[in-house]
Amino acid sequence: MRIVFMGTPDFSVPVLDALVAAGHDIACVYCQPPRPAGRGKKDRPTPVHMRAEALGLPVRHPVSLKTPEAQAEFAALKPDVAVVVAYGLILPQAILDAPRHGCLNIHASLLPRWRGAAPIHRAIMAGDAQTGVCIMQMEAGLDTGPVLLREAIPIGDTETTGDLHDRLSALGARLIVEALARLDTLIPHPQPDEGVTYSAKIDKGEAAVDWSRPAEEVSRLIRGLSPFPGAWTTAQGERIKLLGAEPATGQGAPGTTLDDALTVACGSGALRVTRAQRAGRGAQDAATFLMGFPLPKGTQLGA
């Protein structure tokens with residue numbers, strides 16, 4: 001099929017690779033424009049931009065698709081279908097209507113649960129037992145379109161957003177190739193009105209750990225915000241990012257370390273931090289982290 005691919009971050013790259021490997025004709029790749037990044041604040045192309053150029057594919061990165069010019073340029077590509085995954089721009093109706101088979105979105109949740117910007121983070125933070133990927137026909141509403149294909153996967157007890165991100169990206173790549181191969185026979189299923197939830201964009205203000213909360217809730221926060229933006233606490237006057245956690249036993253004053261291995265008491269129960277990071281340094285497993293920054297039994301974390 002003749003495809004316009006629309007995506008921006010790392011999550012989208014395996015999907016682009018899968019479409020190319022399946023033999024589809026990628027007429028053009030749309031992504032977000034390069035933006036300042038790094039210490040020098042030089043414009044940096046997005047992961048999809050860099051991958052598309054490596055594959056020899058034409059790339060466009062308009063700031064908006066609302067202008068008649070942008071819409072005419074899109075329609076002139078005469079795509080059979082547009083594949084959209086974490087693109088980052090709202091698609092006007094003229095764009096949605098341009099491809100012969102419309103626009104298909106790869107969404108990393110089991111719709112209608114977790115429509116919106118941060119479905120992977122929110123599924124872990126909410127304690128969901130499973131999540132998955134839906135291939136959805138796009139319409140004007142936010143992730144409201146009928147679903148063509150879906151597949152569920154379990155969420156592991158110690159899984160982080162980074163871990164789950166990679167699994168869902170690979171799943172989305174496989175499902176979109178299947179959906180395109182079966183496009184003439186797939187039946188669109190409207191989303192039910194029951195069970196709708198929205199995954200709001202992650203706010204850095206959510207990232208401070210409140211050790212008075214139950215251990216399971218704190219663990220979900222740590223894992224759900226790993227690797228970005230990273231849940232944090234303070235220790236010995238420094239802000240520490242906490243990037244991994246697992247269940248542990250023990251009790252004590254909330255925020256107190258219960259041993260020399262970063263087991264921390266919560267409002268109820270305890271957890272063990274498995275990965276941490278000091279400001280200006282790389283992330284480390286707990287054992288390596290503690291070699292350079294010991295937090296002995298009885299250390300108080302947090303304010």
Side-chain angles (χ1 to χ4, degrees), residues 9-11 35-39 41 114 116-128 155-166 199-303:
D10 287 321
F11 186 86
R35 291 196 168 93
R39 292 185 179 181
K41 295 300 180 184
W114 301 131
I120 303 175
H121 299 78
R122 297 297 176 190
I124 291 179
M125 291 167 70
D128 290 3
I155 299 175
D157 291 340
T158 61
E159 197 160 21
T160 66
T161 286
D163 300 330
L164 191 53
H165 167 284
D166 293 348
S199 55
K201 185 177 179 180
I202 298 296
D203 189 315
K204 289 185 178 180
E206 301 177 70
V209 172
D210 179 358
W211 294 107
S212 70
R213 307 302 300 170
E216 176 54 34
E217 185 178 322
V218 177
S219 174
R220 297 198 307 257
L221 178 75
I222 291 171
R223 293 183 291 109
L225 298 184
S226 174
F228 182 83
W232 63 272
T233 189
T234 54
Q236 300 177 2
E238 288 193 31
R239 180 181 286 203
I240 305 297
K241 276 189 179 182
L242 309 177
L243 300 171
E246 63 185 15
T249 57
Q251 57 184 6
T256 303
T257 55
L258 300 178
D259 54 23
D260 297 341
L262 260 182
T263 302
V264 187
C266 300
S268 61
L271 60 80
R272 180 170 293 106
V273 175
T274 58
R275 193 163 181 81
Q277 181 178 10
R278 296 171 69 185
R281 307 196 182 193
Q284 298 174 309
D285 64 81
T288 305
F289 177 87
L290 291 169
M291 289 175 62
F293 194 72
L295 295 172
K297 181 179 178 179
T299 300
Q300 180 64 48
L301 304 183

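Gly116 and Ser199 get closest at one heavy-atom pair: C-OG, 3.3 Å. Of all non-hydrogen atoms in Leu225 and Thr161, the two that sit nearest each other are N-OG1, 4.5 Å. When all heavy atoms of Leu271 and Ala245 are compared, the closest pair comes out as CD1-CB, 4.3 Å. Smallest separation of non-hydrogen atoms from Ala207 and Leu221: O-CD2, 4.4 Å. Counting all heavy atoms, side chain and backbone alike, Val218 lies closest to Asp210 at CG2-O, 3.7 Å. What you find for Gly224 and Met125 is that their closest heavy atoms are CA-CG, 3.9 Å.
To the nearest 0.5 Å, atoms OG1 (Thr233) and CD1 (Ile222) are separated by 8.5 Å. Separation of atoms CG (Leu301) and CG (Leu242) is listed at 7.5 Å; rounding is to 0.5 Å. To the nearest 0.5 Å, atom CD1 of residue Ile155 and atom CG of residue Asp163 are 11.5 Å apart. Remark: Thr274 OG1 to Glu246 CD distance equals 6.0 Å, nearest 0.5 Å. The CG atom of Leu164 lies 12.0 Å from the OG atom of Ser226; values are rounded to the nearest 0.5 Å.
For Pro9, the side chain to side chain contact (heavy atoms under 4.5 Å, CB included) partners two or more places apart in sequence, or in a different chain, are Phe11, Ser12, Ala86. The side-chain hydrogen bond (donor to acceptor under 3.5 Å, both in side chains) check on Thr263 picks up Asp259, Arg272, with sequence neighbours excluded.
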List the atom pairs, donor and acceptor, that lie under 3.5 Å between side-chain atoms in residues 280-297 and the rest of the protein, sequence neighbours left out.
| unit_1 | atom_1 | unit_2 | atom_2 | d |
| --- | --- | --- | --- | --- |
| Asp285 | OD1 | Ala287 | N | 3.2 |
| Asp285 | OD1 | Thr288 | N | 3.0 |
| Asp285 | OD1 | Thr288 | OG1 | 3.2 |
| Asp285 | OD2 | Thr288 | OG1 | 3.0 |

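Atom CD of Glu206 has more than 12 heavy atoms from other residues, nucleotides or ligands within 6.0 Å.
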Task: Ile202 and Arg122: CA distance, side-chain angles, deciding distance, side chain to side chain contact (heavy atoms under 4.5 Å, CB included) verdict - done: CA-CA 9 Å; Ile202 298 296; Arg122 297 297 176 190; 3.5 Å; yes
Task: Working for side chain to side chain contact (heavy atoms under 4.5 Å, CB included), residues Thr160 and Leu243 - done: CA-CA 8 Å; Thr160 66; Leu243 300 171; over 6 Å; no
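The stretch residues 217-239 participates, sequence neighbours left out, in these salt bridge (Lys or Arg N to Asp or Glu O under 4.0 Å) pairs: Arg213-Glu217, Glu216-Arg220, Glu216-Arg223, Glu238-Arg278. Identified under the ring pair (Phe, Tyr, Trp, His ring centres under 6.0 Å) test for residues 252-272, with sequence neighbours left out: none. For the ring pair (Phe, Tyr, Trp, His ring centres under 6.0 Å) condition, no pair includes a residue of residues 220-252, sequence neighbours left out.
Using a distance-only test at 3.5 Å, with no hydrogens or angles considered, a donor-acceptor pair links the side chain of Lys241 to the main chain of Pro229. Side-chain atoms of Thr256 never come within 3.5 Å of backbone atoms of Ala265 as a donor-acceptor pair (strictly under, hydrogens ignored). A donor-acceptor pair is defined here as one N or O able to donate and one able to accept, closer than 3.5 Å; no such pair exists between the side chain of Thr257 and the backbone of Val264. Side-chain atoms of Gln300 come within 3.5 Å of backbone N or O of Pro254 as a donor-acceptor pair.
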